[in-house]
Each structure stands twice: as C-alpha cells, then as structure tokens.
> 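Encoded as structure tokens, here's the structure I'll be asking about.
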Amino acid sequence: MTVDSPQPAVQRLPGPSTNLASPDGSSVPPTPRSGGAKVRVLETATRLFYEEGIHSVGVDRLISEASVTKATFYKHYGSKDNLILAYIRTQHERVQARMEQLIASAGGPDRAVRAWVGALADDVNDPAFRGCAFLHAAAEYHDPRDPVRQVVATHRDWYTERLATLLQEAGHPLPGDGADELMLARDGAMAGAYAGDAIAATAALHRVVDRVLAV
C-alpha cells in the first residue's frame, strides 16, 4: 500500500502505479455481493480471513459457509493458497479503485489527502473494523519471498507512490519523504484505532497530515 521505510536521506521520486489500499486506506473488506459459486467462495474467504485470520480458517469451513461442494471449490481455485492470493489481490484492486474515485472528486491534491484521512477516520470507527487486511496478511507470512508478501509489498509500493504523487502535485519539496510519513502515520492510526482509542488515533493522524501539507 514500500516496503515501508527507506532511509530518510534518500528522496524517492513518485512514479506511476504498476498495478495493486483504498482512498480511505482502511482495507476493510467490501459488503458481500450475491453471485455464483466462485464469487461466494471469495466473499466468504474475504469475510472470514479478515475477521479471524487466514491460517485459522480451513477449506472445509470455507466450503460449508459458501454453500458449495468440495469439487466446486477446487474447480474454481485449485487450492486454499490460490484463494488467499485472490483475496489479497481483490482487496488491492478495491482499495485502488476507491482511492482513484476519491482523488477524482476531491478538487485538488491537498484536498484529496485530507479527504483520504477523513474517509480513513470514518472506517476505523466502523464496528466491523478489524485493522488493515494487508498488515494482517504480512504478519501471517513471515517470508518476504512468499507470494502473499509480494502482493502486500506491491500494494504498499503503489499506495506510497500515489500519496507521493499527490504531495508532489500539492508542491511538497520532498514528496517521497512526505508519503513515507503519511504511510507510517496511517499504519499507526489503524493499529491504534483497533487496539485502543480510535478518536485519539485519527486525531494524531490529522496532526501528521497538517504538518506534512504545511511543508
């Protein structure tokens, strides 16, 4: 959504997205849609993986709660590993689309950054909020070479680059550094909001954004 923090002395220039968080940055799974068996399996996985963790949810439970047969599950996904990758990639695509919608309607790069923070604050105060799906996934897969971690890294790279582009358009002298600060503050706010006081966490995030945009 970076892989998180380069050396502060290095200025990373913003670049275009190559592919894979949300204008709000929340990574909260979307409301399930009705659909065929393949869609139902993915929606069920999205809910359960986000609420309970990826490793703790087995294939038999996914099959039962999605109301599909084992043969149907394996026909569409082949393995739980493939379903996990579909889940995390779908989250990236959702977040990316929401971010672009927010930017398009914001009326300027600085307003887009503030709208992003406002949307994030709304999401972390939602009773269904359980933290960042990408950070959760990274915590469950310790090997950075794992395909899941690679999707997470691509997501975070895209996220940071998109914020850096907004800061560059807003006239920030060091947009890459500013984007790293926003990402770090965003990660902390999401963790703090879930584990502690959501109001205090988002208020702190707003203060960081104020300082970054004032440079």
Side-chain angles (χ1 to χ4, degrees), residues 1-4 16-102 119-120 123-124 126-162 183 186-187 190-191 193-195:
M1 65 203 133
T2 142
V3 222
D4 288 333
S17 164
T18 57
N19 211 74
L20 287 174
S22 157
D24 56 359
S26 70
S27 305
V28 175
T31 301
R33 307 178 310 277
S34 59
K38 185 175 184 180
V39 173
R40 290 203 311 276
V41 171
L42 182 56
E43 289 172 347
T44 300
T46 295
R47 174 175 56 83
L48 294 177
F49 289 165
Y50 181 69
E51 292 179 353
E52 301 181 20
I54 294 170
H55 291 321
S56 67
V57 179
V59 170
D60 288 344
R61 185 173 176 202
L62 289 165
I63 289 170
S64 175
E65 296 210 17
S67 299
V68 298
T69 65
K70 185 169 289 190
T72 296
F73 176 88
Y74 285 107
K75 171 187 174 182
H76 289 301
Y77 291 101
S79 68
K80 182 183 174 184
D81 287 343
N82 289 336
L83 176 59
I84 292 165
L85 287 172
Y87 156 68
I88 201 71
R89 287 170 177 155
T90 299
Q91 290 309 298
H92 165 75
E93 292 164 1
R94 180 189 70 90
V95 167
Q96 189 177 48
R98 290 183 66 194
M99 176 68 108
E100 296 309 321
Q101 290 173 355
L102 182 148
L120 190 153
D123 277 358
V124 301
D126 190 305
F129 179 72
R130 295 292 181 271
C132 173
F134 297 94
L135 295 179
H136 291 338
E140 293 199 56
Y141 290 85
H142 71 277
D143 187 348
R145 297 168 297 180
D146 189 279
V148 173
R149 285 291 297 271
Q150 291 175 1
V151 176
V152 172
T154 300
H155 171 75
R156 292 181 64 83
D157 282 341
W158 167 79
Y159 209 150
T160 305
E161 289 170 3
R162 197 66 187 91
M183 278 297 290
R186 171 262 183 201
D187 291 347
M190 295 187 77
Y194 178 52

> Would you compute the distance between atom CZ of R162 and atom CE of M183 and round it to the nearest 0.5 angstrom?
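Spacing of CZ (R162) from CE (M183) equals 14.0 Å.
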> Among residues at least two apart in sequence or on other chains, which ones pass side-chain hydrogen bond (donor to acceptor under 3.5 Å, both in side chains) with D143?
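Per chain and number, D143 pairs via side-chain hydrogen bond (donor to acceptor under 3.5 Å, both in side chains) with R145.
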> Let me have the donor-acceptor pairs involving side chains of residues 66-73, under 3.5 Å, with sequence neighbours excluded, atom names and distances please.
from : atom 1 : to  : atom 2 : distance (Å)
T69  : OG1    : T72 : N      : 3.0
T69  : OG1    : T72 : OG1    : 2.8

> With rounding to the nearest 0.5 Å, note down the distance linking CZ in R186 to CG in L135.
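If I round to the nearest 0.5 Å, the distance is 5.5 Å.
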> From Y77 OH over to K38 NZ, what is the distance, rounded to the nearest 0.5 angstrom?
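So the gap between those two atoms works out to 5.5 Å.
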> List the atom of I88, the atom of A137, and the distance in Å for their closest heavy-atom pair.
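For I88 versus A137, the nearest heavy atoms are CD1-CB, 4.0 Å.
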> Angle between ring planes, Y50 versus H136, binned at 30° and 60°: parallel, tilted or perpendicular?
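Ring orientation, 0 to 90° scale: tilted.
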> Calculate, to the nearest 0.5 Å, the distance between atoms CZ and CD1 belonging to R89 and I84 respectively.
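Spacing of CZ (R89) from CD1 (I84) equals 11.5 Å.
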> Without placing hydrogens or testing angles, list every side-chain donor-acceptor pair under 3.5 Å for residues 53-63, not counting sequence neighbours.
from : atom 1 : to   : atom 2 : distance (Å)
H55  : NE2    : E140 : O      : 3.0
S56  : OG     : E52  : O      : 2.8
S56  : OG     : G53  : O      : 3.2
R61  : NE     : E65  : OE2    : 2.9
R61  : NH1    : E52  : OE1    : 2.5
R61  : NH1    : E52  : OE2    : 3.3
R61  : NH2    : E52  : OE2    : 2.9
R61  : NH2    : E65  : OE2    : 3.2

> Is any side-chain heavy atom of Y194 closer than 4.5 Å to a side-chain heavy atom of M190?
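No; the side chains remain at least 4.5 Å from each other.
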> How far apart are the closest heavy atoms of A45 and L83, and which atoms are they?
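The answer is CB-CD2, 3.7 Å.
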> For residues R47 and T44, determine if any side-chain heavy atom of one lies less than 4.5 Å from a side-chain heavy atom of the other.
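Yes, at least one pair of side-chain atoms sits under 4.5 Å.
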> How many angstroms lie between atom CG of L120 and atom CG of L102, to the nearest 0.5 angstrom?
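L120 CG to L102 CG: 11.0 Å, rounded to 0.5 Å.
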> For the CZ atom of F134 and the CG atom of D187, what is their distance to the nearest 0.5 Å?
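One finds 12.0 Å between CZ of F134 and CG of D187.
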